[in-house]
Amino acid sequence: MLFFVLRRLAVMLATALCLTFIVFFMTNLPPNLEKLAKSEASARMSDAEVESWLERNGFGQPVLQRYGEWLGVLPGWTVTEEGQTRGRCFARGQTDAPRYCGVLQGEWGYSSVFRAEVSEVIGRSLGATAWLMLWVMIVMVPTALLLGVLSGMREGSRTDRVLSTAAIASTATPEYVSGVVLIAAFGSATAGLSPILADWGWIEGRTLFLGTATSAMDQITFWNFALPVITIALYGIGYIARMTRASMTEVMTQQYIRTARLKGVGFRQVVMRHALRNALIAPFTVIMLQFPWLLNGVVIVETLFNYKGFGWTLVQAASNNDIELLLACSVVAVLVVLVTQLISDIGYVFLNPRIRLA
């Protein structure tokens, strides 16, 4: 187990370096750097002035050198042969001595959009998204497992057909469709009214649910948080329920299940003691993979409900060419994907002792 974890950590490190370098290279292409210079200095800058600004702020070095400075494995600023000072640290006013000021030192840079340290912006947005992910998992996982187990226990029954149809419909509906439908049915972002339900005569006046989750940044309530949670959970419920149903159906046909039934063991005990644990191996993997999907898939939902979390911050960084913030978001996304995959692999052993990690 220890050797497996160490080997996976080495692979994770190499993967993280490769992916972050690709993102760094793409975000530091000349058109993006030119746009950054004009947005930070002046939109009427000439080409020579743009090159001078990029040189002073450390964007004139080769991409590998700038990547090393961004990581923090190379000094953040240097003095050229002409006596000019340039580099990542110098651009941020840290001119006491050549030093390391990269991601590995906890210095993520400065956000040109939010006019604050990237670490502060990322911390605030991740905290907001963490609450959203927590409540989505609380709603999604138990509901999906229950529906999947109930459907897989009685394959081919009416209950199975109904639940399977609902799961397929839920999975086939993207978040931007279900979110718009929920807002139209239960709330309006402007007046707080529900025109559809009001026309149908189901409600009168103001609805209980809000069409925006902006107020949840200050205080989370059921009324301002229910719609975004349900929007995200609906898709995951259908997907996890289908995987659970398929795994449960396969387990219920195994020989040891038939042996237990022939010995007179009750159907409930057969399901709870023998079938459920083995049936949860495949859904466990799917559940763990929901974390990176939630972190990156909340972009649409957070933008739709104006909830200023990680997805909303990523959209703002990409729309406004905030290179430092965009790189930080990519690092967080890569780490979440790699860590959840490692936890998923280790969890196999605890769910099924017959599996051994070499």
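Computed from heavy atoms alone, side chains included, the values below leave out hydrogens, waters and symmetry copies.
Relative ring orientation between Trp70 and Phe24 is described as tilted, the plane-to-plane angle lying within the 30° to 60° band.
Remark: Tyr176 pairs with no residue by the ring-ring contact (aromatic ring centres under 6.0 Å, His included) rule, at least two apart or across chains. Remark: Val180 pairs with Leu304 by the side chain to side chain contact (heavy atoms under 4.5 Å, CB included) rule, at least two apart or across chains. For Arg158, the salt bridge (Lys or Arg N to Asp or Glu O under 4.0 Å) criterion is met by no residue, not counting sequence neighbours.
Side chain to side chain, Tyr67 and Thr20 meet the donor-acceptor criterion of an N or O pair below 3.5 Å. Donor-acceptor pairing under 3.5 Å is lacking for the side chains of Ser157 and Asp160.
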inquiry  = With side-chain contact (heavy atoms from CB on, under 4.5 Å) as the criterion, how do Trp108 and Glu117 come out once you've worked through the C-alpha distance, each side chain's angles and the decisive distance to 0.1 Å?
reply    = CA-CA 7 Å; Trp108 297 70; Glu117 294 290 333; over 6 Å; no
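Within the structure, side chain to side chain donor-acceptor pair (under 3.5 Å) pairs that include any residue of residues 21-36 comprise Asn28-Arg66, Glu34-Lys38 (at least two apart or interchain).
Formation of a donor-acceptor pair under 3.5 Å by the Asp322 side chain with backbone atoms of Ser111 is not found in this model.
Minimum heavy-atom separation, Ala213 to Tyr307: O-CD1, 3.3 Å.
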Pair up each side-chain donor or acceptor in residues 119-141 with any protein partner under 3.5 Å, not counting sequence neighbours, and list the distances.
unit_1, atom_1, unit_2, atom_2, d
Ser125, OG, Val121, O, 3.1
Ser125, OG, Ile122, O, 3.0
Thr129, OG1, Ser125, O, 3.1
Thr129, OG1, Glu302, OE2, 2.9
Thr129, OG1, Phe310, N, 2.5

Show me the donor-acceptor pairs, under 3.5 Å and distance only, between side chains in residues 311-319 and residues at least two apart or in other chains.
unit_1, atom_1, unit_2, atom_2, d
Thr313, OG1, Gly309, O, 2.8
Ser319, OG, Val315, O, 2.7

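Looking only at side-chain heavy atoms (C-beta outward), Leu150 and Leu146 come within less than 4.5 Å of each other.
A chain of hydrophobic side-chain contacts below 4.5 Å, direct or via other Ile, Leu, Val, Met, Phe, Trp or Tyr residues, connects Leu33 to Leu64.
A distance of 10.0 Å separates CD1 in Ile230 from OG in Ser178, rounded to the nearest 0.5 Å.
Environment of CZ in Phe225: crowded, with over 12 heavy atoms of neighbouring residues, nucleotides or ligands closer than 6.0 Å.
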